[in-house]
Amino acid sequence: MIAATVSAPEPGLRASVVVPARDEAELIGACLDALAAQSGVAADAYEVVLVLDGCRDATGERAAEAAARHPGLRLQVLTTAGAGAGHARKTGMDLASARLLAVGRPDGLVCSTDADTRVAGDWLAAMLRAADEGAEAIGGRIELDAAGRLALPPGVLEERARLARARHDRVLAGPDGALGEHWQFSGGSLAVTAATYDRVGGLEPRAALEDEALERSLARHGVAVARPLGVRATTSARLDGRAPRGLARDLALSSWLSRRSYRRDDFALEDLLAAKAATVSAILPAREVAGTLGAVLDGLAPLRAAGLLDEVVVVDAASADGTAEVAAARGARVVQEDALLREHGPARGKGDAMWRGVSATSGDIVVFLDTDTEDFDPGFVAGLLGPLLTDPGVALVKAAFARPFRAGNALVPHGGGRVTELLARPFLNLHVPELAGFAQPLAGEIAARRGLLEALPFPVGYGVEIAMLIDAAREVGVDALAQVWLGSRQNRHQPLRELSAMAYAVLVAASSRVLDPAVLDAAAPGPLALPYDERLEVRSVAVEERPPLASLRPARAAV
């Protein structure tokens with residue numbers, strides 16, 4: 001649905017500036033003030049096309065007030081139903097191109113900026129000069145506003161500068177390198193001629209990153225992008241943008257990484273003991289790990305003796321290799337997973353063991369530890385607990401580490417974590433990008449507050465870690481989640497066919513959190529078909545889920 005308040009284009013129209021806006025009542029006035037104050041361009045040579053995209057606030061009223069302040073501003077207003085900034089920008093730029101072509105100006109500029117952006121006083125004049133010099137597409141330089149820069153955590157600006165240098169290097173190395181005085185081509189400050197816009201087919205109908213798609217389309221059609229430093233704009237450094245992708249999302253991720261990524265060395269044992277005001281339980285799910293469990297428990301012993309850990313519980317899966325005996329010999333409390341919450345039947349996998357383990361412990365904070373680790377270090381545990389013990393705003397902490405891959409006697413740095421790299425990381429980037437900063441989303445080393453864990457459902461198998469991460473972010477917000485760099489981890493490597501089953505469990509658990517329930521139900525996740533030579537193996541993969549433990553309290557109390 002598109003509603004319009006649009007007058008006929010002026011015969012002398014040379015540029016049409018498109019501004020998509022959704023709930024921008026606080027910022028739209030400054031944006032339009034800056035556009036009205038353009039120097040070096042006649043008032044009747046340009047117009048502003050404001051696209052109100054599903055606004056629920058007073059953006060339209062603030063825009064009308066700006067128009068009243070600047071009676072010479074030629075403001076055209078469209079109203080769309082709220083399909084997203086990309087669709088709104090396309091609607092406006094399609095109209096702008098048609099209006100320029102209607103007055104016989106194929107060399108006129110279809111320009112774009114954003115409602116939270118203030119263009120420089122000579123922004124449009126600089127765009128037109130570039131077009132007069134032959135540019136068919138122009139990318140303007142965008143800086144963060146001063147107040148927003150000051151509000152960002154330390155390190156964010158340095159990281160952005162590093163990434164900017166890398167992007168500029170790529171521009172300089174490309175076919176348009178001679179025109180690349182900077183690296184940007186963003187919807188907040190760009191322009192193409194009406195003829196070029198028409199020739200490349202306009203903007204793609206995308207909710208976000210439509211500017212990146214336009215840049216690719218220009219490249220396919222052989223259109224060079226000029227990036228002059230003289231085309232300048234300032235934008236807000238807010239972290240809650242209106243689009244699912246873009247600057248605000250990038251800043252939010254960088255900000256989270258700066259504030260919520262820690263290193264194990266940040267937390268000395270004596271400092272944690274001084275800060276400790278909660279009890280801590282360690283849960284170690286164990287299945288046939290007699291060869292590695294002893295070293296893990298030996299590493300935990302000093303932490304338990306010092307008072308950092310209040311209880312250590314090994315949840316054994318009826319291991320036949322003496323796992324339970326190894327644990328008991330080192331003073332850990334051993335429980336068999338099938339003996340916990342018997343009313344839910346036999347345990348079905350790692351996630352089930354973790355869920356049942358929470359029910360068998362009492363600590364205010366629970367830390368889960370893998371037991372197949374060859375190089376366990378007690379500093380791992382101190383690191384995981386550090387943010388929770390020192391910051392009440394943190395609710396869950398995941399381990400972050402390098403994953404080498406052992407191939408015979410050779411060790412390949414960063415070659416491990418194959419399910420993470422091939423499935424979990426791409427999935428999160430696509431569907432839950434606010435969690436893309438987690439280095440090891442499938443890490444089994446997790447510490448969290450009991451109240452959060454008891455509020456979450458647990459997939460019974462290998463989908464538990466990614467499900468816990470997504471669910472925790474929705475329950476308490478990404479800012480309550482953290483990661484701690486622990487160095488390097490060497491875990492057992494499973495055969496690829498075993499990883500297929502693991503990846504399937506991860507995919508089902510993650511998909512159930514981003515897809516419409518009806519879609520997942522229609523897919524009916526079932527057995528995994530694994531062709532092998534000329535035979536077909538059909539493997540049952542546990543993908544069901546256990547309910548939040550908090551939901552079981554009334555029923556268990558009645559028993």
Side-chain angles (χ1 to χ4, degrees), residues 5-21 24 27-52 59 62-78 89 92-93 95-97 99-100 103 105-146 181-182 184-194 196-197 211 226-236:
T5 304
V6 177
S7 61
E10 294 287 337
L13 187 65
R14 295 188 62 198
S16 185
V17 182
V18 175
V19 183
E24 296 285 10
L27 299 173
I28 191 61
C31 172
L32 295 178
D33 288 345
L35 289 169
Q38 291 299 291
S39 62
V41 184
D44 61 354
Y46 75 100
E47 65 183 11
V48 175
V49 178
L50 176 63
V51 186
L52 302 174
T59 302
R62 299 293 87 80
E65 292 168 3
R69 289 195 299 273
H70 308 286
L73 179 66
R74 285 157 173 78
L75 182 65
Q76 317 297 331
V77 180
L78 305 180
R89 199 183 312 275
M93 292 181 74
L95 176 67
S97 176
R99 287 168 68 81
L100 286 163
V103 296
R105 294 305 301 257
D107 60 340
L109 289 182
V110 178
C111 306
S112 173
T113 188
D114 287 324
D116 65 337
T117 301
R118 302 182 306 280
V119 300
D122 62 347
W123 178 76
L124 193 51
M127 288 270 203
L128 289 168
R129 279 197 303 273
D132 289 342
E133 294 169 0
E136 296 179 284
I138 304 157
R141 186 77 176 98
I142 304 177
E143 295 283 357
L144 301 178
D145 65 60
E181 297 179 16
H182 61 85
Q184 291 174 304
F185 185 79
S186 165
S189 181
L190 64 77
V192 294
T193 66
T196 299
Y197 187 81
D211 44 10
R227 294 176 170 87
L229 285 171
V231 180
R232 298 167 296 115
T234 302
T235 195
S236 71

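Residue numbers run from 1 in the order of the sequence given. All values below come from the heavy atoms of this structure, side chains included, with hydrogens, waters and symmetry mates left out. Since the structure is predicted, the reported quantities are computational estimates derived from the model, not experimental observations.
Counting only distance, with no hydrogens or angles, the side chain of Glu10 and the backbone of Tyr46 share no donor-acceptor pair below 3.5 Å. Judged purely by atom type and a 3.5 angstrom limit, Gln38 uses its side chain to pair as donor or acceptor with the backbone of Trp123. Under a 3.5 Å cut-off, the side chain of Arg141 and the backbone N or O of His182 do not form any donor-acceptor pair. Judged by distance alone, with hydrogens and angles left aside, the side-chain atoms of Ser112 form a donor-acceptor pair with the main-chain N or O of Gly187 at under 3.5 Å.
Considering all non-hydrogen atoms of both residues, Ala21 and Ala115 come closest at CB-CB, 3.8 Å. Here the shortest heavy-atom pairing between Ala194 and Val110 reads CA-CG2, 4.0 Å. Heavy-atom minimum distance, Arg62 versus Ile28: CB-CG2, 3.6 Å. Heavy atoms only, all atoms of each residue included: Gly139 and Pro228 are closest at O-CD, 3.7 Å. Taking all atoms of both residues into account, the shortest heavy-atom contact from Ser7 to Arg99 is O-NH1, 2.7 Å. Between Gly92 and Val49, the shortest heavy-atom contact is CA-CG1, 4.2 Å.
The CZ atom of Arg14 sits 5.0 Å away from the CG atom of Asp132 when rounded to the nearest 0.5 Å. Rounding to the nearest 0.5 Å gives a distance of 10.5 Å between CZ of Arg227 and CG of Leu190. Here Leu109 contributes atom CG and Leu128 contributes atom CG; the two are 5.0 Å apart, rounded to the nearest 0.5 Å. Rounding to the nearest 0.5 angstrom, the gap separating the CD1 atom in Ile142 from the OG1 atom in Thr113 is 6.5 Å. Asp107 CG to Thr196 OG1: the interatomic distance, rounded to the nearest 0.5 Å, is 10.0 Å. With rounding to the nearest 0.5 angstrom, the OG atom of Ser189 is 11.0 Å from the CG atom of Asp211.
Side-chain atoms of Glu47 and Ser16 include a donor-acceptor pair closer than 3.5 Å.
With sequence neighbours excluded, the residues that form a salt bridge (charged side-chain N to carboxylate O under 4.0 Å, His left out) with Glu24 are Arg238, Arg242.
No side-chain heavy atom of Leu124 sits under 4.5 Å from any side-chain heavy atom of Val119. Considering only heavy atoms from C-beta on, Val19 comes within 4.5 Å of Leu35 through its side chain. Taking the side chain as every heavy atom from C-beta outward, Asp114 and Pro20 approach each other to under 4.5 Å. Within the 4.5 Å cutoff, the side chain of Leu144 has heavy atoms near those of the Thr235 side chain. You'll find the side chain of Asp122 reaches within 4.5 Å of the side chain of Ser39, heavy atoms only.
With respect to Asp33 and Arg118, no salt bridge is recorded, no charged nitrogen being found less than 4.0 Å from a carboxylate O.
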